[in-house]
Amino acid sequence: EKIPIELISSSGAGETPVAKSERVNLVPLGGDPFWTEFAEPVAVRAFTGRKRAVKALAVSPDDRCGLKRALELRVR
C-alpha cells in the first residue's frame with residue numbers, strides 16, 4: 001500500500017507512544033524496529049494480509065539512517 005508522505009508525522013528507532021491497538025509491527029522476531037507515526041490512521045496490511053487502520057507502523061530497514069534522512073527531507 002502507498003502511504004502519502006504528508007501523513008507522516010514522525011519516525012525513528014525505539015518505542016512509539018502509540019497504543020498497541022493502533023499500531024502494527026512488521027519487524028521479524030529479534031529485529032530492531034524503526035517506527036513511522038502518522039497524523040491520521042492509514043490502511044496497511046499485516047503479516048496475515050488483513051487490512052487495518054493504524055497510526056504507527058514498524059519496519060526493519062536495511063539502511064535505517066538512510067530511511068530516516070529520506071523521510072526527514074520529504075516531510076519538511
Side-chain angles (χ1 to χ4, degrees):
E1 307 297 323
K2 290 186 179 184
I3 298 170
I5 197 83
E6 56 272 3
L7 289 183
I8 297 174
S9 59
S10 67
S11 62
E15 248 331 287
T16 176
V18 176
K20 286 187 178 187
S21 62
E22 296 180 309
R23 63 187 183 183
V24 67
N25 186 341
L26 298 177
V27 178
L29 194 59
D32 193 16
F34 180 89
W35 287 96
T36 302
E37 296 174 10
F38 308 108
E40 60 186 62
V42 297
V44 298
R45 289 187 192 276
F47 283 121
T48 61
R50 187 176 63 117
K51 266 190 180 181
R52 64 185 260 220
V54 297
K55 290 193 75 175
L57 171 71
V59 294
S60 184
D62 292 331
D63 181 5
R64 79 177 42 250
C65 292
L67 177 58
K68 176 80 172 161
R69 278 192 308 272
L71 289 174
E72 286 174 348
L73 289 172
R74 293 174 193 252
V75 170
R76 291 181 198 191

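The figures here come from the full heavy-atom set of this structure, side chains too, leaving out hydrogens, waters and symmetry mates. Residues take their numbers from the sequence shown, with the count starting at 1.
- Residues Ile3 and Val44 have side chains in contact (heavy-atom distance under 4.5 Å, counting atoms from C-beta outward).
- Linking Ile, Leu, Val, Met, Phe, Trp and Tyr whenever their side-chain heavy atoms come within less than 4.5 Å leaves Trp35 and Leu57 in two separate clusters.
- Looking at every heavy atom in both residues, Ala58 comes nearest to Pro33 through CB-CB, 4.0 Å.
- Residue Lys55 comes nearest to Pro41 through the heavy atom pair CG-CG, 3.9 Å, listed as atom of the first residue, atom of the second, then distance.
- For the pair Phe34 and Asp32, the minimum side-chain heavy-atom distance is 4.5 Å or more.
- A pairwise comparison of heavy atoms in Lys20 and Arg52 identifies O-NH2, 3.9 Å as the closest pair.
- To the nearest 0.5 Å, atom CZ of residue Arg69 and atom CG of residue Asp63 are 6.0 Å apart.
- Looking at heavy atoms from C-beta onward, Lys68 lies in side-chain contact with Ser11 at the 4.5 angstrom threshold.
- Contact of the Leu67 side chain with the Asp62 side chain is not registered, since no non-hydrogen atoms from C-beta on lie closer than 4.5 Å.
- Note on Leu26: it clusters hydrophobically with Leu71, by side-chain heavy-atom contacts below 4.5 Å among ILVMFWY residues.
- Cluster membership check: Leu7 shares its hydrophobic cluster with Val24, using side-chain heavy-atom separations under 4.5 Å among Ile, Leu, Val, Met, Phe, Trp and Tyr.
- Using a 3.5 Å distance cut-off with no hydrogens or angles, the side chains of Ser10 and Glu37 do pair a donor with an acceptor.
- When side chains are defined from C-beta on, Val18 does not count as touching Phe38, because their heavy atoms never get closer than 4.5 Å.
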